[in-house]
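Here's the structure, in structure tokens; my notes come after.
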Amino acid sequence: MESWVRPVVEAIHSSRAQAVIYLAGGASQALGWLLSVPGASGTVLEVVVPYSRASMAQLLGKMPLQFTSKQAAEDMALAAYNRALKLSGPGLQVMGVGFTGSLASSRPKHGEHRFYVSARTQNCLRTSHVTLSKGLRSREEEDKVSSYFLLKAIADACRVPATIQSDLQEPEFPKESTEQFDEDQELQQVIDGQVCMKVYHFSDSMEKNFSRKIILPGSFNPLHDGHLRLLEVASSMCDDGLPCFEISAINADKPPLSIAEIKRRVDQFRKVGKNVIISNQPYFYKKAELFPGSAFVIGADTAARLVNPKYYGGDYNRMLEILLECKSTGTTFLVGGRNIEGVFKVLEDLDIPGELRDMFISIPEEKFRMDISSTDIRKRQGP
């Protein structure tokens, strides 16, 4: 690699950012640079090269109108960003990078030699487009130029200084575009299903390296001491996990939450310094896909519903199949006691199928029991 490349890669690896990279048609040398410098495993979550039409269509969930285009690169970056959100380590910055190129090949091309590279972060989308002069470089040389730009896109997303030495000629200078998203736009993207989640880090424990998330899902309308205490106890039982609350913007039986309502609920967590995630998945089997390897903190009433075939169309085997899929992602459930129809019940009072028992871990009553609910609080507060 060129002498200036290695320091840029080292700075990227030191940035605590993690990336999923989707590329087709070039920039292959950048992968070698990224992976050959120590620290790559902390930066690169996944690389996919969707060269075939079928592979690209499967990756994006649609067939691009034009494979080498700004839209295709940005669609790839968004898909990669969503994938990175699911794969990233707790508390780390994530990005999705998309690259698509049409470079010199073994057969002459009628169209332009060009490439697009796009990087998506939580609140920004940056795209570069370069049209190369035909016949000026070999395929390997064009690949190197495109690799410089892919590396620069990753460095910019990591906020790492990087001045590339690409040897471009005057008519080849890149066209750049940047789109910033404010909080309302980010939340709307979650509601619309474009982005799978938005994470708010309000905790002061982000410097510690966590191997997974401990997630307490709920509506938190309002957040109360029972919620805070339950997650605290659960976290003490799994000290390798980053504690997070989670609210789904989408409800299975009601309209989506408004942006204003989401922000109102999020503000509760800001005030107490607790992390909260806004997702668009109301069902646990979908949450398991979003947060693989996580421990979900639930009440005994929720655990009883999870293993009740009634909620799976009365199909016991379907219930078992779905929960075994959750189990395959490394999902576990920490179960706290709850009042069910006037009787306080714990995990041991429930009939959990044998195949699923090791997914469920009891939070002992002596560690946690608070007979309080958001519904009761709202009733007392009145309209």
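Numbers here simply count residues along the sequence, with the first being 1.
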Worksheet item: Aromatic rings F269 and F220: how do their planes relate, parallel, tilted or perpendicular, breaks at 30° and 60°?
Response: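 Perpendicular: the ring planes of F269 and F220 meet at over 60°.
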- Message: Check this for me: Y283, atom OH, are more than 12 non-hydrogen atoms of other residues, nucleotides or ligands nearer than 6.0 Å?
- Response: no
Please report the interatomic distance CD(Q185) to CG(N123), rounded to the nearest 0.5 Å.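 Rounded to the nearest 0.5 Å, the CD-CG separation comes to 10.0 Å.
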So OG of S166 and NZ of K144: to nearest 0.5 Å the spacing works out to 12.0 Å
For R264 and D267, what are the C-alpha separation, side-chain angles and deciding distance, and is it a salt bridge (charged side-chain N to carboxylate O under 4.0 Å, His left out)? CA-CA 5 Å; R264 183 188 71 79; D267 197 50; over 6 Å; no
Taking the side chain from N308 and the backbone from K310, do they hold a donor-acceptor pair closer than 3.5 Å? yes
- Message: Between K345 and D301, does any side-chain N to carboxylate O distance fall below 4.0 Å?
- Response: no
Check your understanding: Less than 4.0 Å between a side-chain N and a carboxylate O, is that true for E176 and R126?
Key -> no
query: Which pairs pass side chain to side chain donor-acceptor pair (under 3.5 Å) with one or both residues in residues 36-45, sequence neighbours excluded?
result: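 Sorted result for residues 36-45: H13-T43.
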Contacts of Y312 meeting ring pair (Phe, Tyr, Trp, His ring centres under 6.0 Å) (sequence neighbours excluded), chain-then-number -> none
* **L242 and I214, any side-chain heavy atoms less than 4.5 Å apart** => no
- [ ] Examine F284 together with F333 and report whether their ring centres are nearer than 6.0 Å.
- [x] yes
Next on the checklist: Quick one about D184 and Q188 (side-chain donor to acceptor, distance below 3.5 Å, no hydrogens or angles considered), yes or no?
Outcome noted: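 There is no such pair between these side chains.
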Side chain to side chain contact (heavy atoms under 4.5 Å, CB included) evaluation trace for V335 with V346
CA-CA 7 Å; V335 183; V346 294; over 6 Å; no
